Protein chains: 2
Amino acid sequence: MEASEIYKCIADPQRLRILNLLDGGSLCVCHLQTIIDIPQVKASKQLAIMKQIGLLESHREGTWMVYSLAQPVHGLLRVNLDYLLQADCSECNQLQCDLLARKQLIQQITQDSPDCPTAVCAPQPCC
Amino acid sequence: MEASEIYKCIADPQRLRILNLLDGGSLCVCHLQTIIDIPQVKASKQLAIMKQIGLLESHREGTWMVYSLAQPVHGLLRVNLDYLLQADCSECNQLQCDLLARKQLIQQITQDSPDCPTAVCAPQPCC
DNA sequence: TTATGATATACCTATTTTAGTATATACTGT
DNA sequence: ACAGTATATACTAAAATAGGTATATCATAA
């Protein structure tokens, strides 16, 4: 995986937000849609791009596709996610809000609909 | 300066090489051209882009335009240049080669043509 | 087997980015 | 004022990227 490919990915704020969210744990497409507030087709396309170059993995659970960061997380991505989370800029704050929104969404899901993807809800501290 | 602007810059291998070279010290356009081996117009454009968003500064010395990293170097750029220099990938090796080529070129300039830009040659360890 | 929910893909258009050529500017030395 | 060197800008064509609509796939449940 070339460095420039990774940079192209994270140069897009939506893709960066997706990577940051998945760094917090696996999520399925619809949850990413909800948190980032983008149309389904766009979420799907962005995920495909990142899976293509090997940043993401996915597996199916019923009708859900659960996406996660490919392990081990590429060092370059690691360094940047870590930097951005502790830095102070508008995009960085967004990433923190996203992680919060992620937490709340998962809490809500596990309460309201016990049939959520186990990969998403089971391993979370909230469950 | 937004994170995504910086990422867009370094997502282009040539721009990344320029930033890395300038991290080693100021250079004028013609030297960047020589080391990276790109046409004048392209070097000039890439530099203009990065100056525009505030990553680079420049000053004139005679007919030369001497470019340098804007100080203090943005944390996000710092983190990435540092990471790439110690990492092992084709693009990363390129960056190391470039720094070597930079050193040699400056040695050569200071020997052959003593009328080089002082900002380029004077403060270097090679002079 | 059919209907539904979740996701992916195809296709088209609009926008942005890149690359190249030509030309302009700015400074220096004569 | 003129020629030469270094750099910047204008303009255009080509390529890559993004966005939207429609449609396809795939699994589930009735």
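In the text below, chain A, chain B and the rest are named by the order of the sequence lines, each starting its count at 1. On a predicted model such as this, the values are computed, not experimentally measured, just so you know.
Each end of the helix from dT1(C)-dA30(D) to dT30(C)-dA1(D) gets its own axis from five base pairs, and the two axes differ in direction by 10°, given to 10 degrees.
Distance check, rounded to the nearest 0.5 Å: CG of Leu105(B) to CG of Leu32(B) gives 9.5 Å.
With rounding to whole Å, Met50(A) atom CE is found 15 Å from dT17(D) atom P. In this structure, Ile49(B) atom CD1 and dT9(D) atom P are separated by 12 Å, rounded to whole Å. Ile38(A) has its CD1 atom 11 Å from the P atom of dG20(D), to the nearest Å. For Glu61(B) and dC27(C), the CD to C1' distance is 13 Å, given to the nearest whole Å. Summarising the geometry, the separation between NZ on Lys42(B) and C1' on dA22(C) is reported as 18 Å, rounded to the nearest angstrom. Rounded to whole Å, atom P of dT17(D) lies 11 Å from atom CD of Glu5(A). Distance CD1 (Ile18(B)) to P (dT7(D)): 13 Å, rounded to an integer number of Å. Atom CD in Gln46(B) sits about 10 Å away from atom C1' in dA19(C), given to the nearest Å.
Checked against side chain to side chain contact (heavy atoms under 4.5 Å, CB included), Leu100(A) has no partners two or more places apart in sequence or in another chain. By the side chain to side chain contact (heavy atoms under 4.5 Å, CB included) test, Arg60(B) pairs with Met65(B), sequence neighbours left out. Taking Glu2(A) as the reference, Ser4(A), Glu5(A), Ser90(B), Glu91(B) meet the side chain to side chain contact (heavy atoms under 4.5 Å, CB included) condition, with sequence neighbours excluded. Under the disulfide bond (SG atoms under 2.5 Å apart) criterion, Cys89(A) pairs with Cys92(A), sequence neighbours left out. For the side chain to side chain contact (heavy atoms under 4.5 Å, CB included) test, residues two or more places apart in sequence or in another chain that qualify with Val79(A) are Val79(B), Tyr83(B).
Using a 4.0 Å heavy-atom distance criterion, Lys51(A) is classed as making no nucleic acid contact.
Pairs of residues two or more places apart, or lying in two chains, that qualify as salt bridge (Lys or Arg N to Asp or Glu O under 4.0 Å) and include a residue from residues 22-49 of chain A are Asp23(A)-Arg78(A).
Proximity of Arg15(A) to the phosphate of dT17(D): no side-chain N or O atom is located under 4.0 Å from OP1 or OP2.
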Please tabulate, one pair per line, all N/O donor-acceptor pairs under 3.5 Å involving side-chain atoms of residues 68-75 of chain A, not counting sequence neighbours.
| residue | atom | partner | partner atom | Å |
| --- | --- | --- | --- | --- |
| Ser68(A) | OG | Ser26(A) | OG | 3.4 |
| Gln71(A) | NE2 | Leu69(A) | O | 3.4 |
| His74(A) | ND1 | Leu76(A) | N | 3.0 |

Across nucleotides 4-11 of chain C, 5' to 3', mark each nucleotide with B, S or - according to how protein heavy atoms within less than 4.0 Å reach it. -BSBBB--
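Crowding of Gln52(B) atom CD: a count of heavy atoms from other residues, nucleotides or ligands under 6.0 Å not exceeding 12.
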